Number of protein chains: 2
Amino acid sequence: MMKLDRPTIQQATIELLNEDGLDALSMRTLAKKLDVKAASLYFHIKNKNDLMVLISELVSERVYERLQKIDDADFYVLAHIMREELKRIQDSPRIFEITFPFTPFRSRLIELALSQFRDMGVDESHLTMVGNMGNNFVLSYVSDEQYFARVPDQKMPANLPEQLLSPIDMANPDDAFDYGLDIFMAGVDVKVKQAK
Amino acid sequence: MMKLDRPTIQQATIELLNEDGLDALSMRTLAKKLDVKAASLYFHIKNKNDLMVLISELVSERVYERLQKIDDADFYVLAHIMREELKRIQDSPRIFEITFPFTPFRSRLIELALSQFRDMGVDESHLTMVGNMGNNFVLSYVSDEQYFARVPDQKMPANLPEQLLSPIDMANPDDAFDYGLDIFMAGVDVKVKQAK
DNA sequence: ACCTGAACACCGTTCAAGT
DNA sequence: ACCTGAACACCGTTCAAGT
């Protein structure tokens, strides 16, 4: 029916991810969704890893484009936009974790974050550490959000100390994200001032 | 030859991980290493996920036992010991990420970390957030360490801005870890004082 | 009690062959 | 140029059958 091309494959991949998650995504299920045979996909994409990179690049591009429209965006802004775009695709944080990080748009985001930290006063020798840490914070946070949104409450252990971890206080996930981001940014600030 | 039991399987799994990594670990390769057929493994363990949990529990137990011997261990100590034990098994951070977190020893570690943060003055409503963040920091850090130790330098892009990211400044990975941990702990401190 | 042969229902990927 | 049938070399898991 529909002509098969990379954007179509990309779109179907995202739909499949949002329906059943990364573990259910195979070249065969993807082909079935597109009413095509698995082998056909290989005419348009090199392999499955390529497909994963395509997704991480799409997310990175969306984040990058949104940031272009904002003047003087700091890491607070970057982190919030990144989280929003990651949340649009189920398991996208895991995809970021398993793919090679230095693809075009993702590299630009890294450069951007690094320049933001440089502006905060972080010295060169610690820049990549801080950049990685900021990146990992956002990825892990959204990964946890998506994980606990899927794990049914019953599977949570009932004998936890004072019910502390039940739904991982995802009651106010937005506040919790801001709180964590504050911790990170305040910590960076302290270290910058210490160095002076 | 050797009698097959859970500890033997556990040991072989760790050796296989340290030789070829998680992606190369299959029930069949594991069986081959033990001079046994894949089906035999299922007499001793429920399934592959069970095996992954076994590994995460082993690491957690080692961390827990070491912490028991230290009086007044704070999160600095916990994080350092956790990193050391994670580093002993290739891809163990990824195993932590894909397995259910509330297993016996791992739960104890979580409780321990939470009580450490409580002692620092973190209030109940933010405890799990801070606990998750500390946990994610250590896991992501070791994951990155192991990742960049395996990716050959040639695969790194040559056109990065000022060579900033080349070996991800893994020149002094220990200092970088301390720096990141300082950021986190200092940030927590700031937020605690803010709340007062 | 412990192990295996054989099978089932999947994978990712390749490639000659079709249109 | 684009798609497919068929195959290859793998997976995790089950289970009747063997000892």
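This structure is a prediction, so every number in the text was calculated from the model and none was measured. A note on names: the letters A, B, ... follow the listed sequences, proteins ahead of strands, and every chain is numbered from 1.
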- Query: In whole Å, what is the span from the CG atom of B:Leu51 to the C1' atom of D:dG12?
  - Reply: 12 Å
- Between C:dT14, C:dG12, C:dA7, which one does the side chain of A:Ala39 approach most closely? C:dT14
- Task: Among C:dG12, D:dT13, D:dG5, find the nucleotide with the atom closest to the side chain of A:Lys48.
- Result: C:dG12
- Will you find, in the side chains of A:Thr29 and A:Ser26, an N or O donor that is under 3.5 Å from an N or O acceptor? yes
- Note on the structure: Looking only at D:dT4, C:dC11, D:dC11, the nucleotide nearest the A:Val36 side chain is D:dT4
- Between A:Arg6 (CZ) and D:dA1 (P), how many Å, whole number? 17 Å
- Could you give the CG-to-P distance, from A:Leu30 to C:dC11, as a whole number of Å? 11 Å
- Item | d(CD1, B:Ile9; P, C:dC2) in whole Å | 12 Å
- Message: side chain to side chain contact (heavy atoms under 4.5 Å, CB included) for B:Ile110 and B:Phe102? Distances and angles first, verdict last.
- Response: CA-CA 9 Å; B:Ile110 295 173; B:Phe102 302 118; 3.9 Å; yes
- Task: Go ahead and name the base partner of C:dC2; Watson-Crick or wobble counts if both distances stay under 3.5 Å, otherwise write none.
- Result: D:dG18
- Could you give the CG-to-P distance, from B:Leu22 to D:dC11, as a whole number of Å? 13 Å
- Compare the minimum distances between each of D:dA7, C:dC2, D:dC3 and the side chain of A:Leu4, then state the nucleotide with the smallest one. D:dC3
- Item | Interatomic distance, B:Leu41 CG vs D:dT14 P [rounded to whole Å] | 13 Å
- Query: Given C:dC2, is OP1 or OP2 found less than 4.0 Å from the side-chain N or O atoms of B:Ser40?
  - Reply: no
- Query: Looking only at heavy atoms, what is the nearest atom pair of A:Met129 and B:Ala176, with distance?
  - Reply: SD-O, 3.2 Å
- Against the side chain of A:Ala38, the closest entry in D:dG12, D:dT4, C:dT13 is C:dT13
- Message: Give me the atom names and distance for the closest heavy-atom approach of B:Gly131 to B:Phe117.
- Response: CA-CE1, 3.8 Å
- Task: May I ask you to establish whether B:Arg83 and B:Phe177 are in a cation-pi arrangement, using a distance under 6.0 Å from NZ or CZ to the six-membered ring centre and at most 45° from the ring axis?
- Result: yes
- Message: Measuring to OP1 and OP2 of D:dC3, would you say a side-chain N or O of A:His44 lies under 4.0 angstrom away?
- Response: yes
- Note on the structure: Between CG of B:Asn47 and P of D:dG12 the distance, given in whole Å, is 11 Å
- Testing D:dC11, D:dA7, D:dG12 for proximity to the side chain of A:Arg28, the answer is D:dA7
- Task: Give none if C:dG12 has no partner; otherwise give the nucleotide forming a Watson-Crick or G-U wobble pair with it, both distances under 3.5 Å.
- Result: D:dC8
- Query: Which whole-number value in Å describes the distance from A:Tyr42 OH to D:dA1 P?
  - Reply: 21 Å
